[in-house]
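Written below as structure tokens is the structure these notes are about.
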Amino acid sequence: MQLSIRTRLDYRFAHPADVLLQFEAAAIPEQTVDWAHTHVSGTDMVRVPAQDGIGERMWVRADGLLHVEYDAHVTIRRILRDAAALPGLDPRELPGETVQYLMPSRYCPADHFQSFVEAEFAGLKGGALVAAMRDWIEQSFTYTPGVSNSDTTALDSFVRRQGVCRDYAHVLITLARAAAIPARMASVYALGVEPQDFHAVAEVFLGGEWHLIDATGMATEANMAKIGVGRDAADVSFMTAYGYAAFEGQLVSVQAITS
């Protein structure tokens, strides 16, 4: 699968501010960035590695209008397996780098969900358990823009049974961690997302490898280009501004390249 990606961001800063950006598709073994063009209007741009070495972040100094242009063609080369059929690992068997993704984090208070997971998904393990969690969220929640904000946690979304992709991913991550399955958030470009935007999904560690799981049901693992990963949304925001930013415009377009 080859994707054509186009992103435009416009934010205005009344005062100079440092801004951390992460919007480029990552150059990693499971996907190839065939061609890309990035333009950022800010000054003093510095690139730094992103979480777990997946993708890069950019520091820029913004003053006035910050304008971002990103165009890319990305080929997805991910080895696809049925995650529902994969086994989980006991915590003591996990690779060291996955252990941090068992822990509660700012938006994913997994320690509050152990009793619910044990009662709701009794008898299930590994990929079958994750698939049941995904199906439960998709069936129980209503995709509702505007009901959540940057302070909304998985617990808030669980109570409301409403949210957007970020909230769906936080709930799935939280439930998986409560069952001792490493789970992290992935920011992606994906086909099938309506309205088109940056998309957030869970990534769970099953059968000794990571698998992308979209609890909204809009996107499939075969059609996602990964941008970055982290404990939750705080680690994968496309823009973190250390100063007040006024929104002026945003466009994200993801299309399949058919020839």
Side-chain angles (χ1 to χ4, degrees), residues 1-28 31-76 107 145-146 148-152 164-167 169 185-201 218-219 223-230 232-257:
M1 169 61 68
Q2 190 176 31
L3 302 179
S4 174
I5 298 165
R6 184 170 185 254
T7 298
R8 301 290 185 268
L9 304 173
D10 287 293
Y11 286 81
R12 187 168 295 277
F13 291 79
H15 305 285
D18 288 325
V19 180
L20 188 61
L21 299 167
Q22 188 174 5
F23 57 82
E24 297 173 317
I28 51 180
Q31 62 191 39
T32 302
V33 180
D34 303 310
W35 169 86
H37 169 76
T38 298
H39 170 74
V40 179
S41 65
T43 60
D44 302 325
M45 187 177 79
V46 177
R47 290 180 175 270
V48 295
Q51 183 98 354
D52 290 355
I54 296 176
E56 291 185 322
R57 295 176 173 135
M58 286 173 276
W59 281 110
V60 298
R61 186 69 170 171
D63 187 5
L65 179 65
L66 176 65
H67 176 68
V68 172
E69 296 182 4
Y70 175 63
D71 297 276
H73 290 176
V74 179
T75 300
I76 311 303
Y107 294 110
S148 58
N149 56 39
S150 60
D151 294 322
T152 302
V164 293
C165 62
R166 171 186 186 273
D167 308 305
M185 177 168 276
S187 59
V188 302
Y189 292 108
L191 287 178
V193 175
E194 293 295 340
Q196 289 201 337
D197 204 341
F198 295 104
H199 196 47
V201 300
M218 288 192 287
N223 297 330
M224 299 184 201
K226 195 182 296 183
I227 302 170
V229 302
D232 51 35
D235 289 339
V236 294
S237 172
F238 68 85
M239 185 179 80
T240 303
Y242 292 85
Y244 177 74
F247 173 80
E248 293 212 344
Q250 180 173 312
L251 177 147
V252 175
S253 173
V254 183
Q255 304 292 333
I257 299 175

Note to self: Taking side chain to side chain donor-acceptor pair (under 3.5 Å) as the definition, give me every residue that meets it alongside T75, ordered by chain and number, with sequence neighbours left out.
What the structure shows: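 By the side chain to side chain donor-acceptor pair (under 3.5 Å) rule, T75 matches D34.
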Next item on the list: Apply side chain to side chain donor-acceptor pair (under 3.5 Å) to T32 and list each qualifying residue two or more places apart in sequence or on a separate chain.
Entry: R77
For the backbone of [Y] and the side chain of [X], can you confirm whether one donor and one acceptor N or O come within less than 3.5 Å of each other?
X    : Y    : value
Q31  : V74  : no
T152 : N149 : yes
Y107 : S150 : yes

Next item on the list: Give the C-alpha distance, both sets of side-chain angles, the deciding distance and a yes or no for ring-ring contact (aromatic ring centres under 6.0 Å, His included) between F13 and Y244.
Entry: CA-CA 6 Å; F13 291 79; Y244 177 74; 8.3 Å; no
How long is the span from the [atom1] atom in [X] to the [atom2] atom in [Y], to the nearest 0.5 Å?
X    : Y    : atom1 : atom2 : answer
M224 : H199 : CE    : NE2   : 6.0 Å
Y242 : L20  : OH    : CG    : 6.0 Å
M218 : E194 : CE    : CD    : 8.5 Å
L9   : M239 : CG    : CE    : 7.5 Å
Q22  : M58  : CD    : CE    : 8.5 Å
I5   : D71  : CD1   : CG    : 9.5 Å

Considering all heavy atoms, the nearest [X]-[Y] contact:
X    : Y    : answer
V164 : S148 : CG2-OG, 4.0 Å
R166 : A200 : CA-CB, 3.9 Å
A219 : A190 : CB-CB, 3.7 Å
A36  : V33  : CB-CG1, 3.8 Å
V236 : G230 : CG1-N, 3.6 Å

Are any non-hydrogen side-chain atoms of [X] and [Y] less than 4.5 angstrom apart?
X    : Y    : value
V254 : V193 : no
L21  : V60  : yes
Q255 : Q196 : yes
M1   : L191 : yes
L65  : D10  : yes
R57  : T240 : no

Residues forming a salt bridge (Lys or Arg N to Asp or Glu O under 4.0 Å) with [X], sequence neighbours excluded:
X    : result
D235 : R231
D197 : none
E56  : R47

Next item on the list: Verify the distance criterion only: is there a donor paired with an acceptor across the side chains of E24 and T38 at less than 3.5 Å?
Entry: yes
Margin query: Does atom NE2 (H15) have a neighbourhood of more than 12 heavy atoms from anything else shown, all under 6.0 Å?
Written below: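 Counting other residues, nucleotides and ligands, NE2 of H15 stays at 12 neighbours or fewer.
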Checklist line | Contact list for residues 58-68, test salt bridge (Lys or Arg N to Asp or Glu O under 4.0 Å), sequence neighbours left out | finding: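 Sorted pair list: D18-R61.
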Next item on the list: Measure from the ring center of F198 to the ring center of Y189 and say whether it is less than 6.0 Å.
Entry: yes
